[in-house]
Colleague: 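Below is one structure. I have some questions about it.
Predicted, not measured: the structure shown is a model, and the values here were computed from it. Naming convention: chains lettered A, B, ... in sequence-line order (proteins, then strands); numbering from 1 in each chain. What you see below is based on every heavy atom in this structure, not just the backbone, and it leaves out hydrogens, waters and symmetry mates.
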Amino acid sequence: MELFWHRRDLRIADNVGLAAAADRGKAAGVFVFDPDVLDHASDVRVRRLLDGLAVLRDAYRDRESDLLVARGDPESVLPSLADGLDADRVVWNRDYTGLARERDAAVRRALDSAGIAREAHHDAVLHEPGSIRTNAGDPYSVYTYYWRKWTDRETDPPAATPDSADFLDAEALRAAVGAEDGASTDARTDGGVAADRVAVGDLPAPGDLGFSEADAEVGLAGTEAARDRLDAFLSEAVFAYGKDRDYPSREATSRMSAFLKYGEIGVREAYEATERAMETAESSDRPEEHVESIEEFQQQLAWREFYAQVLYHNPEVVTANYKTYEEGIEWRDDSEEIAAWKRGETGYPIVDAGMRQLREEAFMHNRVRMIVASFLTKDLLADWRHGYEHFRERLADHDTANDNGGWQWAASTGTDAQPYFRIFNPMTQGERYDPEAAYIKEYVPEMRGLDADLIHEWHELSTTQRANAAPEYPAPIVDHSERREEALEMYKRARGEDPEE
DNA sequence: AGGCTGTTTCC
DNA sequence: GAAACAGCC
């Protein structure tokens, strides 16, 4: 039999490694709660992970098998589990972040010295890091060129979905790992998975892992929810995606990010669905912009893979600037301003709406992510790492490569051919992308009774006007045009130029 | 995946 | 006087 190690691929369908394992013999699936990974987790992401694992576990149960749940260092858990199961091989799908690669190297060494075969598969992206390069053989650092090659390339079809016959049944799993029969999963109160044993289908509660219950709604988890969401999106909303995606109140985006982050849907399956939608649009009387709209959505999948390969080739950017400045950037890093940003109390309505959406829903619309990131780095002149850390804490869909790429882009330290243009005007952005202030009013209740015009002019109202309009909502904590000038000077100094010139 | 400023154009 | 545009950072 073969032991398949689930990591960021909480699904049975379109799972390349699992399909390969099941193709050769009976497979068993395991998830390992790794203390080194949990060190970087948060309440909302543990909640979201456990939700995804519960659905995965049920998918195994539907196939008369179950999900093995272990806790400990994978390099010690996996060899002993593989030995206990008498597994022929341990199989997994590659993960491209630096931490994951170090962990996987340690697991490879441990399995090799235990004499257990292992196999890693290309699954998480359509086009693996390293496979798309410039004609000179270098990795791409400019998205537009990367996209051209990405979209021209042939893609693999979805991997086969194993069925009951492909899995070791639940009884055999219990016998092999010595778990007591009928171990209950949901009503368990005795501390969850013990460190010294492997449970069969028995998932811990957040408290068992050292986390608190999430204070945000994390959204639905699992393959079926992902497919429902994608089908609904591709059947109608995607045709307006190009036109509407930047307007946060229109809910025009796919909301697939968390499903993709946890691998509850395979990227081949998702991409194939977009290709089918494209064919349908072309063969019906859809206008040209509807077809182009689908391609714009495909571009989002390409951005995900672009940043995955940036991180793969530059693992140090998790903590270091991608673009180095001669003199280094002297961030202002005012802790009270950063705290106001996190609370959603900056006095810039679109910024505060986004930060409050993040707190309530563990999600933020992507246009607003860019606005709040520009505000933190260019208006508060705070180091992007403060923002990245906060997103990592609060976003259910947090993905190291995507979030790091996005933050460094916003901070002018990332992969951007024109980094010095990226200072957003938070009022202009609010006016342009939330003209009716519908998004703002949804998340900033203090402003619900106000005219949109008044909301977009908040920064230039008098104290009296503000007190009359929305007494509970703060005045702007900084002056955008002053801070804009300061930001330009800060970057000039960082480049070693005289800010007076 | 922009914004600012000065200038021209259009009511 | 607003809106569109160009040039520039």
Colleague: Measure from CH2 on W147(A) to P on dA1(B) and round the result to the nearest Å.
Modeller: 13 Å
Colleague: Which residues satisfy the salt bridge (Lys or Arg N to Asp or Glu O under 4.0 Å) test with E393(A), sequence neighbours excluded?
Modeller: none
Colleague: Extract from the structure each pairing of a protein N or O with an N or O of nucleotides 3-7 of chain B at less than 3.5 Å, listing the distance.
Modeller:
residue: dG3(B); atom: OP1; partner: N425(A); partner atom: N; Å: 3.2
residue: dG3(B); atom: OP1; partner: Q429(A); partner atom: NE2; Å: 2.9
residue: dG3(B); atom: OP2; partner: R432(A); partner atom: NH1; Å: 2.8
residue: dG3(B); atom: OP2; partner: R432(A); partner atom: NH2; Å: 3.1
residue: dC4(B); atom: OP1; partner: N425(A); partner atom: ND2; Å: 3.0

Colleague: What residues in residues 363-382 of chain A put a non-hydrogen atom under 4.0 Å from any atom of DNA chain B?
Modeller: N366(A), R367(A), M370(A)
Colleague: For H459(A), give me all partners under ring pair (Phe, Tyr, Trp, His ring centres under 6.0 Å), at least two apart in sequence or on another chain.
Modeller: none
Colleague: Quickly work out the Q418(A) CD to dG2(B) P distance and round it to whole Å.
Modeller: 13 Å
Colleague: Considering residues at least two apart in sequence or located in another chain, which fulfil the side chain to side chain contact (heavy atoms under 4.5 Å, CB included) criterion with T155(A)?
Modeller: L126(A), H127(A), Y271(A)
Colleague: Please, which pairs that meet salt bridge (Lys or Arg N to Asp or Glu O under 4.0 Å) have at least one residue in residues 374-388 of chain A, sequence neighbours excluded?
Modeller: D383(A)-R385(A)
Colleague: Excluding sequence neighbours, so at least two apart, what forms side-chain hydrogen bond (donor to acceptor under 3.5 Å, both in side chains) with E431(A)?
Modeller: none
Colleague: Could you list the residues that satisfy salt bridge (Lys or Arg N to Asp or Glu O under 4.0 Å) with D397(A), not counting sequence neighbours?
Modeller: R369(A)
Colleague: Please report the distance, rounded to the nearest Å, between CD in E431(A) and P in dA2(C).
Modeller: 13 Å
Colleague: Within the structure provided, determine whether E288(A) and E292(A) are in side-chain contact (heavy-atom separation under 4.5 Å).
Modeller: yes
Colleague: Could you pull out all residues at least two apart from F211(A) that satisfy ring pair (Phe, Tyr, Trp, His ring centres under 6.0 Å)?
Modeller: none
